[in-house]
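Below: the structure, in structure tokens.
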2 protein chains.
Amino acid sequence: MNAGTEQKLINKNINPTAMRLLVLDLLLKQNSAISLSDIEKGLEPADRTTIYRTLKTFEEKGLTHIIDDGTGSPKYALCLEECDANEHHDLHVHFYCTSCKETFCLPNCKIPDLSLPNDFTATEMNLVVKGVCDRCKN
Amino acid sequence: MNAGTEQKLINKNINPTAMRLLVLDLLLKQNSAISLSDIEKGLEPADRTTIYRTLKTFEEKGLTHIIDDGTGSPKYALCLEECDANEHHDLHVHFYCTSCKETFCLPNCKIPDLSLPNDFTATEMNLVVKGVCDRCKN
DNA sequence: AAATTAATGCAATTCCATTGCATTGCTTTA
DNA sequence: TAAAGCAATGCAATGGAATTGCATTAATTT
């Protein structure tokens with residue numbers, strides 16, 4: 001495992017325990033967002049609750065973000081932008097491929113500005129696009 | 001109950017049973033999207049399963065749409081655009097107010113076009129904005 | 001070394017959506 | 001009109017997953 005992994009935790013003020021290193025390492029290897037169950041399978045026989053709480057910590061410290069892709073099971077992915085404990089900036093689009101069932105972050109695809117009705121104030125936005133990804137197109 | 005309510009069901013090829021009229025009537029009265037539990041409370045002592053299946057039928061016939069607002073419990077609202085059994089066109093933005101916890105359709109707020117990466121094809125989009133609604137701003 | 005705090009693991013809860021199945025009601029047809 | 005078939009309903013059970021409680025273990029501080 002890369003030594004930089006530990007540094008990534010320290011940078012975010014996260015105590016680098018063995019479990020947390022494993023989870024972060026697994027996340028670093030992904031090219032799509034994965035679910036708690038995926039992580040559980042990938043780290044067997046690690047305990048589900050611990051992973052759950054690890055992800056919660058990561059999210060609170062601005063290391064990962066939680067993606068609601070509409071499938072009902074939350075997905076987790078590393079923050080690509082500079083996020084911290086106070087604020088998340090993952091205003092990019094997420095893409096759910098109906099063919100391979102994977103969820104991708106599209107960091108270069110920002111959510112466009114939109115004009116809300118009068119007196120509506122936005123603090124957060126979540127845009128999920130469903131369709132077919134590049135690898136699944138035939 | 002308005003007689004037009006029954007016609008709305010017939011127009012969508014939905015057999016207008018008593019239960020379905022009640023559910024549709026309740027939906028017509030809302031100015032925000034509501035959950036299955038909300039409807040259940042509003043129609044006590046009607047059975048949850050029946051309401052669930054009623055909403056499923058409505059959705060399949062293009063009368064209502066299901067909104068995933070990220071709270072974990074799906075919300076239901078009447079389709080404002082012309083939807084039918086084959087296709088839904090509810091490409092408007094949904095707004096979740098973190099103050100009153102209500103979910104609104106913003107039919108005049110369309111999801112802007114966006115350019116996906118090469119070889120990604122979109123079939124559906126869901127944009128949820130979180131923030132404070134007009135009634136909750138102080 | 002003792003005491004406090006942080007992290008972990010197991011078990012139990014809880015919350016809903018969803019399904020199975022039996023019953024009831026409606027409609028068609030002989 | 002009676003029988004048969006299909007549609008709708010209601011109750012009970014299932015299932016999946018997030019979440020919480022609590023006891024144990026590990027790490028840190030005094």
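We name chains A, B, ... by the order of the sequence lines, and we start the count at 1 in each one.
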* Asked: At what distance, to the nearest 0.5 angstrom, does CD of Glu59(B) lie from OG1 of Thr64(B)?
  ->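 It comes to 6.0 Å.
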
* **Nearest-0.5 Å distance, CG of residue Leu36(B) to NZ of residue Lys41(B)** => 10.0 Å

Could you check how far [atom1] of [X] sits from [atom2] of [N], rounded to whole Å?
{"X": "Leu22(A)", "N": "dA7(C)", "atom1": "CG", "atom2": "P", "value": "16 Å"}
{"X": "Arg20(A)", "N": "dA27(D)", "atom1": "CZ", "atom2": "P", "value": "12 Å"}
{"X": "Leu43(B)", "N": "dG10(D)", "atom1": "CG", "atom2": "P", "value": "11 Å"}
{"X": "Asp38(B)", "N": "dC16(C)", "atom1": "CG", "atom2": "P", "value": "11 Å"}
{"X": "Leu9(A)", "N": "dA7(C)", "atom1": "CG", "atom2": "P", "value": "11 Å"}
{"X": "Tyr76(B)", "N": "dC16(C)", "atom1": "OH", "atom2": "C1'", "value": "10 Å"}
{"X": "Glu40(B)", "N": "dC11(D)", "atom1": "CD", "atom2": "P", "value": "11 Å"}
{"X": "Asp47(B)", "N": "dC16(C)", "atom1": "CG", "atom2": "P", "value": "16 Å"}

* Asked: So what does Arg53(A) touch, heavy atoms closer than 4.0 Å: a base, only the sugar-phosphate, or nothing?
  ->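 Base contact.
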
* Asked: Touch check for Thr17(B), heavy atoms < 4.0 angstrom, all strands: base, sugar-phosphate only, or nothing?
  ->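 Result for Thr17(B) = sugar-phosphate.
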
* Asked: Phosphate oxygens OP1/OP2 of dG10(D): is one of them under 4.0 Å from a side-chain N or O of Thr50(B)?
  ->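 It does, given that an N or O in the side chain of Thr50(B) lies less than 4.0 Å from OP1 or OP2 of dG10(D).
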
* **Side-chain N or O of Asn15(A) closer than 4.0 Å to phosphate OP1/OP2 of dA27(D)** => no

* **CG (Asn31(B)) with more than 12 external heavy atoms under 6.0 Å** => yes

* To do: Counting heavy atoms from C-beta on, name the nucleotide in dT8(C), dG20(C), dA17(C) closest to the side chain of Thr49(B).
  =>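 Looking only at side-chain atoms, Thr49(B) lies closest to dG20(C).
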
* **Between Thr17(B) and Asn15(B), a side-chain donor and acceptor under 3.5 Å** => no

